[in-house]
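One is the number of the first residue; the rest follow in order along the sequence.
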Amino acid sequence: QVHLVESGGGLVQAGGSLRLSCAASGRTFSNYAGGWFRQAPGKERDFVAAISGSGYNTNYASSVKGRFTISRDNAKNTVYLEMNSLKPEDTAVYYCAAGAWIAGTSNEYRYWGQGTQVTVSS
């Protein structure tokens, strides 16, 4: 079992930055890929970014590539999402997930956090 807790969400103006954190506990987190997904009201949960257990491989949604950076610190059992040049359309609840590989679909991830709200004002 892996327990995930997100933090770092909040309200920011368009063009601003936020850094989300996902702290893991339980099984060895470095054995799992870490992913970030987001869900806006009335919409499906969408893939944002993923990072392999080693941190060497990453995967990004085209909508965030060049603006968001995913990273991890396995000594701290934490995955991060650095979000820059934020847009109002980035507003959503952001979820952290752990899975076997850096998949872009939610059904590939076994463990999920409760989510953190990110709101970008125009």
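- Note that CD of Gln39 is 8.5 Å distant from CD of Glu44, once rounded to the nearest 0.5 Å.
- Nearest heavy-atom pair across Val2 and Ala24 is CG1-CB, 4.2 Å.
- Trp36 and Phe47 fall into different hydrophobic clusters, where Ile, Leu, Val, Met, Phe, Trp and Tyr are joined by side-chain heavy atoms under 4.5 Å apart, directly or via other members.
- Taken to the nearest 0.5 Å, the CZ atom of Phe68 stands 9.5 Å off from the OG atom of Ser17.
- Arg38 contributes no side-chain N or O that, together with a main-chain N or O of Val118, makes up a donor-acceptor pair within less than 3.5 Å.
- Side-chain contact between Leu4 and Phe29: present, with at least one pair of heavy atoms (C-beta onward) separated by less than 4.5 Å.
- In this structure, Trp112 and Arg45 have side chains that are in contact, with non-hydrogen atoms separated by less than 4.5 Å.
- Note on Val120: it clusters hydrophobically with Val64, by side-chain heavy-atom contacts below 4.5 Å among ILVMFWY residues.
- For the pair Arg72 (side chain) and Gly55 (backbone), a donor-acceptor distance under 3.5 Å is absent.
- For the atom pair CG (Asn77) and OG (Ser30), the distance works out to 7.5 Å, reported to the nearest 0.5 Å.
- Taking both residues in full, the closest heavy atoms of Ser85 and Asp90 are given as O-OD2, 4.4 Å, listed atom of the first, atom of the second, then distance.
- For the residue pair Thr78 and Ser21, the shortest heavy atom distance occurs at CG2-CB, 4.2 Å.
- For the pair Gln117/Thr91, a side-chain contact is recorded, criterion being any heavy-atom separation below 4.5 Å from C-beta on.
- Residues Ser52 and Tyr56 approach most closely at OG-N, 3.3 Å, considering heavy atoms.
- In this structure, the separation between CG on Asn74 and OG on Ser54 is 8.0 Å, given to the nearest 0.5 Å.
- Residues Ile102 and Leu81 fall into different hydrophobic clusters, defined by Ile, Leu, Val, Met, Phe, Trp and Tyr side chains chained together at heavy-atom separations under 4.5 Å.
- Between the side chain of Glu6 and the backbone N or O of Cys96 there is at least one donor-acceptor pair closer than 3.5 Å.
- Although no hydrogens or angles enter the test, the distance criterion places no donor-acceptor pair under 3.5 Å between the side chain of Asn59 and the main chain of Ala103.
- Shown here for Ala14 and Ser122, the closest heavy-atom pair between the two residues is CB-CA, 4.3 Å.
- Side-chain N or O atoms of Tyr109 include none that pairs as donor or acceptor with a backbone N or O of Ala33 at under 3.5 Å.
- Distance check: Ser106 OG to Asp46 CG gives 9.0 Å after rounding to the nearest 0.5 Å.
- A chain of hydrophobic side-chain contacts below 4.5 Å, direct or via other Ile, Leu, Val, Met, Phe, Trp or Tyr residues, connects Tyr60 to Leu86.
- A continuous path of hydrophobic side-chain contacts links Ile51 to Tyr94 [ILVMFWY only; heavy atoms under 4.5 Å].
- Proximity of Leu20 to Tyr95: side-chain heavy atoms (C-beta onward) are nowhere separated by under 4.5 Å.
- Distance CD1/Ile70 to CG/Asn57: 12.0 Å, rounded to 0.5 Å.
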